[in-house]
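One structure is given here, and the rest of the page talks about it.
Chain identifiers are assigned alphabetically (A, B, ...) following the order of the sequence lines, protein sequences preceding nucleic acid strands; residue numbering begins at 1 within each chain.
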Protein chains: 2
Amino acid sequence: MALAHAILALLVQEPMSGYDLNKTFEGSVGNFWKATHQQIYRELGKLEAMGWVKAETIPQEGRPDKKLYQITEVGQKNLAQWVAEPCDASPVKEELLVKVFVGTLAPVQNIRQEIERHRQIHQARLANYRRIEAESFQTCKDASFAAQLHYLVLRRGIRYETDWIAWCDEALELINNRCC
Amino acid sequence: MALAHAILALLVQEPMSGYDLNKTFEGSVGNFWKATHQQIYRELGKLEAMGWVKAETIPQEGRPDKKLYQITEVGQKNLAQWVAEPCDASPVKEELLVKVFVGTLAPVQNIRQEIERHRQIHQARLANYRRIEAESFQTCKDASFAAQLHYLVLRRGIRYETDWIAWCDEALELINNRCC
DNA sequence: TAGTACATGTAACAGGTTACATGATTGA
DNA sequence: TCAATCATGTAACCTGTTACATGTACTA
């Protein structure tokens with residue numbers, strides 16, 4: 001139940017609504033987990049039924065009521081136990097690489113453009129992480145251990161995007177010089 | 001239907017059985033796609049029903065019959081069309097990073113050990129990719145474009161694992177010096 | 001007046017995982 | 001004799017995606 005634990009890992013930081021969780025997954029947390037709002041609402045329902053989170057409905061004017069979820073003691077105990085367990089490296093499923101693998105089936109410009117497009121996507125994500133780094137982690141030396149761990153996670157995202165960009169450059173160079 | 005296309009991308013190289021496909025996904029192809037044998041057999045059934053692949057049963061002595069699948073013209077046409085379409089970057093779901101994110105909930109040694117263990121996993125995968133590189137891609141300059149594209153995909157795997165190892169080292173250094 | 005943000009959900013379907021099932025051969 | 005390799009599959013379940021559904025407030 002990895003999604004459940006990813007949600008708990010966010011709720012342990014601060015109480016949030018399903019909507020907030022979705023926004024968070026779209027932001028820098030997307031660097032280590034992704035979920036759609038449908039999945040989030042379904043999972044929150046299960047977590048509430050199990051007593052790992054509890055919801056408080058907050059009436060609002062001019063907009064829909066909000067359900068603020070917070071982690072319970074049971075939930076926190078469970079999360080702590082899960083954190084201590086070993087886990088596997090996540091399986092890689094990269095559609096772009098499948099396409100490159102059989103790239104000769106399509107026109108070369110096609111593959112080149114697609115790699116250029118992906119380069120832009122990774123560049124944009126990297127810029128976002130760099131912004132977060134500048135805004136939230138300038139004073140790393142004084143930071144708490146918890147904050148340092150958060151920075152480590154962001155560092156993984158920065159590395160990942162940087163490395164993708166470098167690969168795209170390598171790929172584009174090979175494709176552009178393909179005549180040898 | 002990404003798994004379907006990943007399977008077609010392997011069958012377009014050479015006819016294979018479900019068993020062979022599974023082995024292939026466990027090998028260097030695992031660098032861009034993963035699937036269990038149950039998924040593979042189910043998907044092959046669908047692909048055969050759609051006429052994208054056709055099977056030939058090969059009787060064997062002393063071991064179960066083998067169904068050799070090969071891609072059909074329709075399948076090849078379809079694969080070529082899919083290759084030409086744009087795709088998204090794959091979503092990241094990294095359980096280890098969720099654990100690091102809430103790492104303060106577990107003893108530090110626990111997190112350190114887990115990162116060390118993951119470092120070993122990535123090191124082993126990298127060694128495997130390096131071996132394949134040495135065995136199959138020494139003569140890159142003379143290679144066909146198709147072979148160069150295959151090398152590019154392997155390069156992505158090499159980069160990915162190398163980058164993970166570097167992050168693990170960074171993480172371990174931070175954890176070991178955590179006193180500031 | 002059209003689109004985005006806010007805020008929650010249901011239903012149907014597709015994709016992925018785990019457990020179970022069979023059975024011969026080969027090597028430690 | 002125990003485990004691994006070869007080779008295929010079914011069934012139940014869990015996870016993830018897509019489409020549909022509702023309704024206000026604000027901004028361009």
Query raised in the report: Between Asp65(A) (CG) and dT24(D) (C1'), how many Å, whole number?
Result: 12 Å
Query raised in the report: Does Glu170(B) pair with Arg159(A) as a salt bridge, N-O distance under 4.0 Å?
Result: yes
Report summary line: Between CD of Glu95(B) and C1' of dT17(C) the distance, given in whole Å, is 14 Å
Query raised in the report: Atom CD1 of Ile7(B) and atom C1' of dA14(C): how far apart are they, to the nearest Å?
Result: 14 Å
Query - Whole-Å gap separating P (dA7(C)) and CD1 (Ile40(A)) - result: 14 Å
Requested in this report: Check the angle between the aromatic planes of His122(A) and Tyr160(A) and answer parallel, tilted or perpendicular using the 30° and 60° thresholds.
Outcome: perpendicular
Report task. Looking at every strand, decide which applies to Lys23(B) at a 4.0 Å heavy-atom threshold: base, sugar-phosphate, or nothing. Result -> sugar-phosphate
Listing, residues 66-86 of chain B side-chain donor-acceptor contacts under 3.5 Å, not counting sequence neighbours, or none:
from     : atom 1 : to       : atom 2 : distance (Å)
Thr72(B) : OG1    : Gly51(B) : O      : 2.7
Thr72(B) : OG1    : Trp52(B) : O      : 3.0
Thr72(B) : OG1    : Gly75(B) : N      : 3.1

Report task. Could you list all the salt bridge (Lys or Arg N to Asp or Glu O under 4.0 Å) pairs where at least one residue sits in residues 111-129 of chain A, not counting sequence neighbours? Result -> Glu114(A)-Arg117(A), Arg119(A)-Asp169(A), Arg125(A)-Glu161(A)
Requested in this report: From the options dT8(D), dT15(D), dA19(C), select the nucleotide whose nearest atom is closest to the side chain of Gln38(B).
Outcome: dA19(C)
Query raised in the report: How is Gln60(A) classified with respect to the nucleic acid when contacts are heavy atoms under 4.0 Å: base, sugar-phosphate, or nothing?
Result: sugar-phosphate
Query - d(OH, Tyr19(A); C1', dG23(D)) in whole Å - result: 14 Å
Report task. Indicate, with a heavy-atom threshold strictly under 4.0 Å, whether Lys93(B) touches base, sugar-phosphate, or nothing. Result -> sugar-phosphate
